[in-house]
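Everything on this sheet refers to the single structure shown next.
Keep in mind it's a predicted model, so treat the numbers as computed, not measured.
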Amino acid sequence: MYKNYVIKKNIIMKKIKIISKSTIVVAVGLLLLVVTGFVSSPDARNFEIVKNLDIFYSLFRELNSYYVDDIEPEKLIHTGIEAMLESLDPYTNFFPESDVDDLRFMTTGEYAGIGAIITKRGKYVVISEPYEGFPAHEAGLRAGDRIIEINGENMIGGESTLASEKLKGPAQTQVKLKIERPGTKGNIDLTITRRLIHISSVPYYGMLDKETGIIIFSNFTVDCTQEVENAFNDLKNNHNMKNLVLDMRGNPGGVMDEAIKVANLFLPRGIEIVSTKGKVSQWDKTYRSPKDPLDLEMPIIVLISRGSASSSEIVAGALQDYDRAVIIGQRSFGKGLVQTPRNLAYNAKLKITTAKYYIPSGRCIQAVDYSHRNEDGSVGYIPDSLINEFQTKGGRPVFDGGGITPDIDTPVDNYPNLVFALVFQQTFFDFVTEYAINQQSIPTPDKFILSDDVYQQFKEYVVGLPDFKYQSESKEQLKKLTDMAKKEGYYDKLQESFEILESGLKPNVERDMDIFKTEVSELLSIELIKRYYYQKGAILFSLKDDKEVDFALETFADKEKYRKILISE
């Protein structure tokens with residue numbers, strides 16, 4: 001998901017423009033000789049590298065000299081880098097010096113700023129969510145607040161990326177904001193002291209019943225293992241936890257070393273957790289659990305989803321391969337690629353895919369083959385014919401070729417296009433911003449129930465939006481069926497039936513808001529809870545009606561069922 005970035009600073013590219021052409025030719029020629037070190041090599045591959053670098057430079061030189069309009073060197077090279085990296089895989093990314101902080105945040109979960117998520121709504125940059133307990137929240141910023149100025153600079157019409165850069169800065173420095181708050185006359189001036197913001201990898205943990213605890217584990221950043229360990233010890237020692245649900249649904253992964261440590265919390269010292277294999281054989285390595293475990297006896301259920309990837313799959317796969325935990329949910333994402341940061345010139349970095357990882361049974365869980373693309377450039381999943389069977393330590397069959405397959409597979413919630421449109425167009429967010437103007441409080445997450453009156457207000461709000469639009473997937477499929485029926489000669493005989501069906505599937509906001517009330521109410525409730533009780537409140541509310549959590553509790557309650565899942569018969 002991460003972007004590729006520009007290769008040179010503006011100042012470097014501006015200097016290139018004023019260097020004489022002859023100097024550039026000599027400099028680039030020397031650069032190719034020195035940097036590649038390949039000119040004297042007879043190897044054909046090395047020659048191809050030098051040749052094509054020379055072609056690239058000469059092409060750029062001709063464009064810069066003769067193209068009818070002035071070109072933007074930075075933008076042009078950015079396009080070249082982006083296209084080059086996109087031809088490989090989605091995880092190999094370039095970070096110039098100005099964006100190295102983004103890479104650091106991915107691995108540490110830390111940055112210096114005010115602690116708030118921002119978004120763009122119309123011409124305004126808006127506070128989407130202040131993190132509870134951080135400077136933005138402590139200063140009184142609320143979701144829905146519009147940022148008018150940052151340090152005296154007008155932000156109206158500006159992009160959220162610009163505002164984000166200006167809100168960040170060294171810890172203990174101040175940033176001045178001018179805020180427009182819906183429902184409040186006049187602007188509000190705030191001075192907020194930035195500080196180090198650490199986003200916890202464990203946004204919530206607690207007890208589901210008298211014996212079962214849950215740890216929600218959202219990402220693998222540096223030192224996240226300590227957060228998981230602290231949560232486990234608190235639940236076990238202070239709340240009498242006898243069973244653990246480790247919730248890694250939607251966890252995209254992160255630092256591989258932390259995955260080894262997290263798995264080691266529940267697996268013996270010295271056993272293999274993961275191994276890596278790549279082009280550079282010297283980097284191939286087997287990683288073993290380095291410490292004595294935290295617990296080897298407590299029953300564990302791991303929750304995963306299609307969004308669980310990378311390090312999440314290492315942990316879930318290792319616990320499955322050693323028959324240590326029952327896995328519940330949907331087949332995981334299938335990202336078995338290892339990225340390594342490499343230093344480049346001008347303090348830039350390249351995050352590059354260097355290897356594939358293999359979990360203890362020998363499985364590689366990579367689901368997509370990026371090295372062999374289809375003629376149209378797309379990539380495909382590993383075909384069934386190439387999927388191999390492996391065995392867990394206890395002899396249970398497990399398979400490669402596509403993520404971690406759960407021991408108990410649960411259905412995915414399917415939402416209608418109406419719901420996707422409400423989320424994508426931020427309709428829930430905008431309604432709650434208006435609703436909160438006159439509603440100072442709502443019941444706590446454990447007691448909150450969305451009333452019919454509030455739902456009716458939301459329905460009328462959506463129906464009254466002139467720009468709210470969405471497509472019906474069923475109608476799109478009907479169009480394809482209609483075209484096929486016309487080709488095959490069925491349409492004329494069944495035209496009336498087709499027309500009735502088309503009329504019934506035509507998007508109708510007022511009707512569909514009634515048909516899909518359950519699905520819409522769920523997400524509206526979460527947005528309301530989050531506005532008043534922040535992220536922890538939304539998590540607490542969601543756990544009340546969570547199918548996978550219910551499956552986990554049922555499985556723990558049936559001790560014989562839990563045992564049989566983990567043994568080979």
Side-chain angles (χ1 to χ4, degrees), residues 1-2 85-93 106 217-220 246-256 258-260 262-263 272-279 287 301-322 325-340 351-374 376-392 396-414 548:
M1 290 178 68
Y2 303 115
L85 297 184
E86 281 183 355
S87 71
L88 301 175
D89 67 72
Y91 315 111
T92 296
N93 306 124
M106 292 175 206
F217 186 23
S218 61
N219 53 68
F220 286 80
L246 182 63
D247 186 353
M248 295 195 297
R249 290 174 295 181
N251 185 325
V255 181
M256 188 178 71
E258 294 295 331
I260 297 163
V262 170
E272 179 181 338
I273 303 297
V274 66
S275 61
T276 60
K277 298 177 184 178
K279 179 188 291 185
Y287 297 86
I301 287 177
V302 176
L303 303 183
I304 61 173
S305 68
R306 285 296 295 161
S308 304
S310 188
S311 293
S312 300
E313 295 171 299
I314 293 177
V315 173
L319 294 177
Q320 187 180 55
D321 282 352
Y322 288 111
V326 171
I327 314 298
I328 293 179
Q330 301 87 43
R331 190 181 74 172
S332 61
F333 184 82
K335 179 183 178 292
L337 303 177
V338 181
Q339 282 73 49
T340 303
K351 181 167 69 71
I352 181 173
T353 297
T354 54
K356 293 182 178 180
Y357 64 68
Y358 297 78
I359 52 180
S361 61
R363 290 182 284 169
C364 177
I365 61 173
Q366 179 63 22
V368 177
D369 185 359
Y370 292 102
S371 62
H372 297 91
R373 292 177 180 263
N374 301 321
D376 62 358
S378 63
V379 292
Y381 285 91
I382 305 298
D384 290 343
S385 60
L386 298 180
I387 291 177
N388 303 298
E389 180 177 326
F390 297 80
Q391 288 189 337
T392 69
R396 295 187 297 144
V398 287
F399 301 89
D400 67 0
I404 302 299
T405 300
D407 300 305
I408 300 177
D409 194 15
T410 58
V412 181
D413 287 331
N414 292 315
E548 276 91 9

Verify side chain to side chain contact (heavy atoms under 4.5 Å, CB included) between V315 and F220, making sure each step is shown before the conclusion. CA-CA 11 Å; V315 173; F220 286 80; 3.7 Å; yes
Calculate, to the nearest 0.5 Å, the distance between atoms CZ and CG belonging to R396 and D321 respectively. 8.5 Å
Between K356 and V338, does the side chain to side chain contact (heavy atoms under 4.5 Å, CB included) criterion hold? Intermediate values first, please. CA-CA 6 Å; K356 293 182 178 180; V338 181; over 6 Å; no
Can you tell me how far the CZ atom of R249 sits from the OG atom of S312, to the nearest 0.5 Å? 12.5 Å
Looking at A367 and G403, what are the two nearest heavy atoms and their distance? CB-N, 4.5 Å
Is there a side-chain contact between Q330 and I304, using heavy atoms and a 4.5 Å cut-off? no
Could you tell me whether the side chain of T405 reaches within less than 4.5 Å of the side chain of V398, counting heavy atoms only? no
Can you tell if the side chain of Q320 reaches within under 4.5 Å of the side chain of D407, non-hydrogen atoms only? yes
Using side-chain hydrogen bond (donor to acceptor under 3.5 Å, both in side chains) as the criterion, point out the one residue from T92, T340, N93 that pairs with K351. N93
Rounded to the nearest 0.5 angstrom, the OG-CZ distance for S308 and R331 is 12.5 Å
Go through the steps to decide whether E313 and K335 satisfy the test salt bridge (Lys or Arg N to Asp or Glu O under 4.0 Å), and finish with yes or no. CA-CA 8 Å; E313 295 171 299; K335 179 183 178 292; over 6 Å; no
Heavy-atom side-chain contact between T353 and L88 under 4.5 Å: no
On a heavy-atom basis, which atom in V302 and which in A316 lie closest, and how many Å separate them? CG1-CB, 4.3 Å
How long is the span from the OH atom in Y357 to the CZ atom in R363, to the nearest 0.5 Å? 11.0 Å
Quick one: does N388's side chain get under 4.5 Å of F399's, heavy atoms only? no
Is there side-chain contact between Y358 and I365, with at least one heavy-atom pair below 4.5 Å? no
Might you point out which heavy atoms bring S332 and I404 nearest each other, and give the distance in Å? OG-N, 2.6 Å
Counting distance only, does the side-chain N/O of Q366 pair as donor-acceptor with the main-chain N or O of V368 below 3.5 Å? yes
Test item: F217 and L246 side chains (from C-beta on) under 4.5 Å apart, heavy atoms: yes
Between G254 and S310, what is the shortest heavy-atom contact and its length? N-OG, 4.3 Å
To the nearest 0.5 Å, how far apart are CD1 in I408 and CD1 in I328? 4.0 Å
Taking the side chain as every heavy atom from C-beta outward, state whether I273 and I314 have any atom pair closer than 4.5 Å. yes
Can you tell me how far apart OG (S361) and CD (E389) are? Round to the nearest 0.5 Å. 10.5 Å
Using atom types as modelled and distance alone, determine if a side-chain donor or acceptor of S305 lies under 3.5 Å from a backbone N or O of G250. yes
Evaluate the criterion side chain to side chain contact (heavy atoms under 4.5 Å, CB included) for residue pair Y322 and T392; output intermediate values, then yes/no. CA-CA 6 Å; Y322 288 111; T392 69; over 6 Å; no
